[in-house]
A.B. asks: 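I'd like to ask you about the structure that follows.
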There are 2 protein chains.
Amino acid sequence: MATVKDVARLAGVSTATVSRALANPEIVSPSTREKVEKAALDVGYSPNGLARSLRKSESKTIVVVLPNIDSTFFSDVVHGIEALAHKHGYKLLIGDTGNESSRIGSYFELFESKLVDGVLSLSSDIPESMIINAQGEIKLPIVIAGEYFSDIAVPTVHIDNNYSAKKGVEYLIMMGHHKIACITGKIENPVFNARTNGYKETMKKWKLPITESYILESDLSFISGYNLGRQLLSLKNPPSAIVCHSDEAAIGVLKIAREMQVAVPSELSVIGFDNLALSEYCVPELTTIHQPRQLIGETSMKLLLDILSGKKPNPEMTLPTQLIVRESSCPPPIDQRLQVDL
Amino acid sequence: MATVKDVARLAGVSTATVSRALANPEIVSPSTREKVEKAALDVGYSPNGLARSLRKSESKTIVVVLPNIDSTFFSDVVHGIEALAHKHGYKLLIGDTGNESSRIGSYFELFESKLVDGVLSLSSDIPESMIINAQGEIKLPIVIAGEYFSDIAVPTVHIDNNYSAKKGVEYLIMMGHHKIACITGKIENPVFNARTNGYKETMKKWKLPITESYILESDLSFISGYNLGRQLLSLKNPPSAIVCHSDEAAIGVLKIAREMQVAVPSELSVIGFDNLALSEYCVPELTTIHQPRQLIGETSMKLLLDILSGKKPNPEMTLPTQLIVRESSCPPPIDQRLQVDL
DNA sequence: CTGAAAGCGCTTACAG
DNA sequence: CTGAAAGCGCTTACAG
């Protein structure tokens, strides 16, 4: 491979001039610029990015830590990140943890290794020690997309998970539901913890009982929704509504309901979360909470870009969600309806 | 940041010894090894990956070029790649082209820049000039997951798209269908070209007419399936079956059929392609062609790993597909049935 | 506007 | 088993 040296020799200038002519054409004379450009072309020069990064101490790369690249949710967010990153000349390294938090550490280490300039984490269950040094300061450029609770203001982009979850439950209660079950994610994940609290707080607010057998943890996949849906519908006192903290789980519930001949929505209301494209294509179409996935990605990347360029970023950005009412929800059967005093 | 120099000073050895003690512990004396390890810990040493890569001329990174990270199909393949790459110490750079082939070039250039050791392309419409040099040789470690037609044997991992498409059409014909439409992808993409040929060849083989208005190009999204499905069902002579070259498009067809009150499968059979998880969760459950997505990813990565380690790889690997019969297909109404002489 | 020189941090023949 | 030295390919103060 050709190097600056080869170009310099052919153009009859120093390597310093080659470097300048290629990086800052305006600071060399037009005639040398031309000579260098021609020589670079002739020898088929292409700069060694490793050497450049080593010298400049910047890799122009960031790592996206994500729990699971399979998930439509995350790939949409990554798409948003990618769009903005590319525009600013940043490359993206995949930091898939396969849902094992043990692998998170190795991706954070890429920063110490100078292989990435920063971390954009879509995982929110990160040990504090990875982010904060002994003096209690943030030790690397990082933005977290998701909930993160800490004494230190780590820049975070998220939706209001608590409030969004409440909206769904409240909507059901307004229609007269009171036997409302909840299929959520791993409760140690701050995102699902917040949503589950939203569910509980709303039930409490309306003086509705919180039944343990109505609150189910899962991985929020199709199959989990399917299995836990069966579990709920087999209860001697089954719910009249199920809120799911993912669209996939909700669609799993839709399927088992059909198999068990429980009519949705007339006998059972089902609500999802995310508003994935497919939520509009299932039967019945899914009522769900819309999350601006691509915007979450873009906004996180924008924040990280700010940090990287030395600006003080907003420490926290909350993006709006929206309840999308479609066909999978309606008031419960008359005999199960709750009279709410407004 | 601490460097080898700092460790060397503290341990009282040379930088060469530090490097050896850390990379090949067995070639230094136990006592020095211990000193170095302790010193490294004390100063908080972490090796500079850029310097190492520059020196060793390998980045331990490969770029995954993919048309569209949003797509469930591709993210499953990437998942397979990731699993194996991680095991062998390789990092993955995202090369999302956002369906614009113009962006492919910049990802291939990462190899010249020494930023990646090879390319794993999930895009198959790559200009030959990016792969082959003036002497007609492959100029970089590359594996293509998908169809690639060339005089040069570029290592390729794929399914038999032509044959797989045929299986679906033949299955419909066996049941008596003859008015079979086809919603495919961009025909300039070799993958969809092969599938469409499979469709046409099967029709021809059974002496069935190939109707231009029955063959529709699209981006294979939900919405395209929905729109093109309407177009087909509005024809004065509508098809009794539609084969779609993605599950999403098939699910779009399912939706418009429902809205137009065309019963699936009794009045219309629908077949998808890919066997995404959701194909089992739609209504009716989708008959489709299974593709081993994760295996495609793993196999491609394995091939690339072989190339990277100097082995001659299999130039081409064809992975099996499978027709999965579910609820969305059945024989056509009696009056539309074709009598096939076997 | 240009060149000589230093240096980013590592690894590896070479010599002992 | 260990050290001195070179070098990967670039960029950038410094001096002119």
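Each chain gets a letter, A, B and so on, in the order the sequences are listed, and its residues count up from 1. What you see is a predicted model; the values in this text were computed from it and never measured.
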A.B. asks: Atom CG of A:Leu22 and atom P of D:dT12: how far apart are they, to the nearest Å?
C.D. replies: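 Interatomic distance, CG of A:Leu22 to P of D:dT12: 13 Å.
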
A.B. asks: Which heavy-atom pair separates A:Phe74 from A:Asn68 by the least distance, and what is that distance?
C.D. replies: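 Looking at all heavy atoms of both residues, the shortest contact is CD1-O, 3.6 Å.
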
A.B. asks: If you check every side-chain atom of B:Lys56, which of D:dG3, C:dC10, C:dT12 has the closest atom?
C.D. replies: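 Closest of the options to the side chain of B:Lys56: C:dT12.
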
A.B. asks: Whole-Å distance between C:dG9 P and B:Leu50 CG?
C.D. replies: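 One finds 10 Å between P of C:dG9 and CG of B:Leu50, rounded.
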
A.B. asks: From the set C:dG3, C:dT2, C:dG9, return the single nucleotide nearest to any side-chain atom of A:Ser29.
C.D. replies: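 Per side-chain heavy atoms of A:Ser29, the pick is C:dT2.
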
A.B. asks: Rounded to the nearest angstrom, tell me the gap between atom CD in B:Glu58 and atom C1' in C:dT12.
C.D. replies: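 Rounded to the whole Å, the gap is 14 Å.
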
A.B. asks: Is the distance from OP1 or OP2 of D:dA4 to the nearest side-chain N or O of B:Ser14 less than 4.0 Å?
C.D. replies: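 False: B:Ser14 side-chain N/O out of range (4.0 Å or more) of D:dA4 OP1/OP2.
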
A.B. asks: B:Arg33 CZ to D:dC1 P: how many Å, rounded?
C.D. replies: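 Computing the B:Arg33:CZ to D:dC1:P distance gives 9 Å.
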
A.B. asks: What nucleotide, of C:dT12, D:dT2, C:dC10, holds the atom closest to the side chain of B:Thr32?
C.D. replies: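 Of the candidates, D:dT2 comes closest.
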
A.B. asks: Looking only at side-chain atoms of B:Arg20, point me to the closest of C:dC14, C:dC1, D:dG9.
C.D. replies: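 The answer is C:dC14, which lies nearest to the side chain.
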
A.B. asks: Applying side-chain hydrogen bond (donor to acceptor under 3.5 Å, both in side chains) between A:Asp76 and each of A:Gln294, A:Gln291, A:Arg293, report the one that passes.
C.D. replies: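 So the option named by the test is A:Arg293.
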
A.B. asks: Please state how far atom CG in A:Asn48 lies from atom P in D:dC8, giving the value in whole angstrom units.
C.D. replies: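 Computing the A:Asn48:CG to D:dC8:P distance gives 11 Å.
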
A.B. asks: Checking B:Ser14 against B:Thr17: is there a side-chain donor and acceptor pair closer than 3.5 Å?
C.D. replies: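 Note: B:Thr17 and B:Ser14 side chains meet the donor-acceptor criterion.
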
A.B. asks: Between B:Arg52 (CZ) and D:dG9 (P), how many Å, whole number?
C.D. replies: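 Value for this atom pair: 18 Å.
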
A.B. asks: Could you check whether B:Ser57 gets within reach of a base, just the sugar-phosphate, or nothing at all, counting any heavy atom under 4.0 Å?
C.D. replies: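 Since no nucleic acid heavy atom lies under 4.0 Å of B:Ser57, the category is nothing.
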
A.B. asks: Counting only side-chain heavy atoms from C-beta out, which of D:dC10, C:dG3, D:dT2 sits nearest to B:Val28?
C.D. replies: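 Shortest atom-to-atom distance from the side chain points to D:dT2.
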
A.B. asks: Taking only the C1' atom of each, what is the distance from D:dT12 to D:dG16 in whole angstrom?
C.D. replies: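 Rounded to whole Å, the distance is 16 Å.
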
A.B. asks: Quick test of your reading of the model: are A:Glu82 and B:Arg103 salt-bridged, counting only N-O distances below 4.0 Å?
C.D. replies: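 Yes, A:Glu82 and B:Arg103 are salt-bridged.
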
A.B. asks: What's the closest nucleotide to the side chain of A:Ala51 if the choices are C:dT2, D:dA4, D:dG9?
C.D. replies: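 Closest nucleotide among those given: D:dG9.
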
A.B. asks: For C:dA13, what is the paired nucleotide under Watson-Crick or G-U wobble rules, both distances under 3.5 Å?
C.D. replies: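 Matched C:dA13 with nothing under the 3.5 Å cut-off.
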
A.B. asks: Let's see if you can work this out: which of D:dT12, C:dG9, C:dT12 has an atom nearest to the side-chain heavy atoms of B:Ser19?
C.D. replies: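 The listed nucleotide nearest to B:Ser19's side chain is C:dT12.
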
A.B. asks: Does D:dA4 have a Watson-Crick or wobble partner in any strand here, with both distances under 3.5 angstrom, and which is it?
C.D. replies: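 Base-paired to nothing in any strand shown.
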
A.B. asks: What is the separation between atom NZ on A:Lys114 and atom P on C:dC10, rounded to the nearest whole Å?
C.D. replies: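 Atom NZ in A:Lys114 sits about 10 Å away from atom P in C:dC10.
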
A.B. asks: Is it true that A:Asn161 and A:Glu147 share a donor-acceptor pair across their side chains at a distance under 3.5 Å?
C.D. replies: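 On atom types as modelled, these side chains qualify, holding a pair under 3.5 Å.
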
A.B. asks: Quick check for you: among D:dC10, C:dC10, D:dG3, whose closest atom lies nearest to any side-chain atom of B:Thr3?
C.D. replies: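 Selected nucleotide (nearest to the side chain): C:dC10.
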
A.B. asks: Provide, to the nearest angstrom, the distance between the NZ atom belonging to A:Lys5 and the C1' atom belonging to C:dA4.
C.D. replies: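 Whole-Å distance recorded here is 14 Å.
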
A.B. asks: Can you confirm whether the side chains of A:Asp70 and B:Ser75 place a donor and an acceptor under 3.5 Å from each other?
C.D. replies: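 No donor-acceptor contact under 3.5 Å links the two side chains.
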
